[in-house]
There are 2 protein chains.
Amino acid sequence: MLLYQRICNYIHQLINDNKIKATTKLPSERTLQEQFKSTRITVREALFRLESEGLIYSQKRKGWFITPAKLKLKPASKVNFNKLAVEQGFVPKTRVISILNDIDDSFQNQEKNIFTGESLYHLKRVRLLDERPVMIEDIYCQQSRFENLERKALSESITHIMATDYNVQINSEQCVICVTVLSNEDSDILEKNSGAPCLKIIRKRFDEHGLLVDYNYEYWLHDAIEMLVEGT
Amino acid sequence: MLLYQRICNYIHQLINDNKIKATTKLPSERTLQEQFKSTRITVREALFRLESEGLIYSQKRKGWFITPAKLKLKPASKVNFNKLAVEQGFVPKTRVISILNDIDDSFQNQEKNIFTGESLYHLKRVRLLDERPVMIEDIYCQQSRFENLERKALSESITHIMATDYNVQINSEQCVICVTVLSNEDSDILEKNSGAPCLKIIRKRFDEHGLLVDYNYEYWLHDAIEMLVEGT
DNA sequence: CAGTGGTCTAGACCACGAT
DNA sequence: TCGTGGTCTAGACCACTGG
């Protein structure tokens, strides 16, 4: 059996035997290297595989930790992040990173003919579960429709703010979901290396007239989320 | 700028400038190493990041290739894989790997109280798009309900076989979707290294009486699929 | 059989985190 | 300040692919 596989198995064992609990730190890479009389390259090979598996995760320059349970999410339902998290036994938190007025370039390039030529709000937030940052959210909506949005309590539910302060109701939504990697900026916020894999959910939400209300990008750590979809 | 980032950018450029087309081979690792006066470790660091990004993919011991377009899939719709692929301009293919009668151990462990104690068919197939293997499918259904299933044309649509040969109609389904890695067996079939990341779709399908008809695991190469979900 | 990717060794320096 | 993870060098051997 390959050496990195033996290291993988060893850590699998540690977790199965409950010798290490969720979010606690693994032995350092150099400790493992010594333990297996190997090199850091090989140790890291094993760690990266376990990370892909979702068993452990790294935080930039802090170390490797055991992955906690995943949040179960129905991507096309209007369920509130906070409520969902609490229901599943997590302590959720939301932090506002920024709210900008100009149109993001990447946004313009990637999606044409959406709010074309209009001034937009761009709200960037980070979501945490039990103090672990797990998701970046970029929300784009029309400035003209949501005047003074920057003065609202933006760490609360945007859907709720839209309903109560602007009388705008979300009626339907479309999601596109794929696997990709975090941008440099977002990986910093999530305390990950750049290039960390993530699940990207692009979400368009519409009001009862079929008008586009907002346009969101969500970037989830791949090991923090599980999606449920029902169909007929 | 970091060296592996320069290598990433270089390959990004190659693809953007259309100097390399989808499914063609990249220069060998040693060629790139020489070109950037670096080492294979660093070159491979860059290649793995591009792979996570979905820009390139590797086939075991064959090399690195440019990733073609993704298949767009509505996970909870009953649309046939072949039809979907053709609609999107792919040439689809399905190969039967095996059909077994005993109950798979992993299946038993992972999912309790599904078809408990019953004899099952376990059909394993691989799906290809334009000759590239992109998905492994494990289908479990009751032997008693689908007698002599092994004699049918199993590279065709199972839904269709169930409807025409057994008068069983699929009425609804539930999916669970998460990111994980391929097993050793499956990664061989998909010509990937073990530990390759993938999108796993667990799919339960029910008939019009709400009875479970079959239970599927799909393992998609993460760069081969994009999912569309609509909700109200 | 030559060249490729997969695995592995034995080091090094740096930036950043924890203390 | 010390230890950590992030990046990088300069090699090696093996199994397998493709010609």
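This one's a predicted model, so the numbers in the text were calculated from it and none came from an experiment. In the text below, chain A, chain B and the rest are named by the order of the sequence lines, each starting its count at 1.
Using a 4.0 Å cut-off between charged side-chain N and carboxylate O, Asp214(B) and Arg203(B) make no salt bridge. A salt bridge links Glu226(A) to Lys72(A): at least one charged side-chain nitrogen sits closer than 4.0 Å to a carboxylate oxygen. Note on Lys200(A) versus Asp186(A): no salt bridge recorded, every NZ/NE/NH1/NH2 to OD/OE distance being 4.0 Å or above.
Atoms NZ (Lys25(A)) and P (dA18(C)) sit 9 Å apart, rounded to a whole Å. We find that CG of Leu3(B) is positioned 18 Å from P of dG6(D), with the value rounded to whole Å. At whole-Å resolution of the value, CZ in Arg6(B) and C1' in dT7(D) are 13 Å apart. The CD-C1' distance, from Gln59(A) to dG5(D), rounds to 13 Å in whole Å. At whole-Å resolution of the value, CE in Met1(B) and P in dT7(D) are 13 Å apart. In this structure, CG of Leu26(B) is placed 9 Å from P of dG5(C), rounded to the nearest angstrom. Rounded to an integer number of Å, the gap from CH2 of Trp64(A) to P of dG17(C) is 17 Å. One can place CD of Gln33(B) at 9 Å from P of dA10(D), the figure rounded to the nearest angstrom.
More than 12 non-hydrogen atoms from other residues, nucleotides or ligands lie less than 6.0 angstrom from NZ of Lys152(B). Heavy atoms from other residues, nucleotides or ligands lying under 6.0 Å from NZ of Lys25(A) number more than 12. Gln35(B) CD: more than 12 foreign heavy atoms inside a 6.0 Å radius. Within a 6.0 Å sphere centred on CD of Glu34(B), other residues, nucleotides and ligands contribute 12 heavy atoms or fewer. More than 12 heavy atoms of other residues, nucleotides or ligands lie within 6.0 Å of NE2 in His12(B), so this atom counts as buried by the packing criterion.
Where Lys62(A) and Phe36(A) meet DNA chain C, the nucleotide closest to each residue was compared, and Phe36(A) sits on the side nearer the 5' end.
Nucleic acid contact class of Ser28(B) (heavy atoms, under 4.0 Å, all strands): sugar-phosphate only.
For the pairing with His122(A), the ring-ring contact (aromatic ring centres under 6.0 Å, His included) check across Tyr140(A), Tyr217(A), Phe115(A) returns one residue only, Tyr140(A).
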Sort me out a list of protein N/O and nucleotides 14-16 of chain D N/O pairs below 3.5 Å, or just none if empty.
residue, atom, partner, partner atom, Å
dA15(D), N3, Arg61(B), NH1, 3.1

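The shortest distance between the side-chain N/O atoms of Ser38(A) and the OP1/OP2 oxygens of dT9(C) is below 4.0 Å. Not one side-chain nitrogen or oxygen of Tyr4(A) sits closer than 4.0 Å to the OP1 or OP2 atom of dC8(C).
Residue-to-nucleotide contacts include no donor-acceptor pair under 3.5 Å from the side chain of Arg40(A) to the base of dG11(C).
Closest contact between the side chain of Leu2(B) and the listed nucleotides dG6(C), dT7(C), dC8(D) involves dC8(D).
Annotation: proximity of residues 41-57 of chain A to DNA chain D (heavy atom, distance under 4.0 Å) is found for Ile41(A), Arg44(A), numbered in ascending order.
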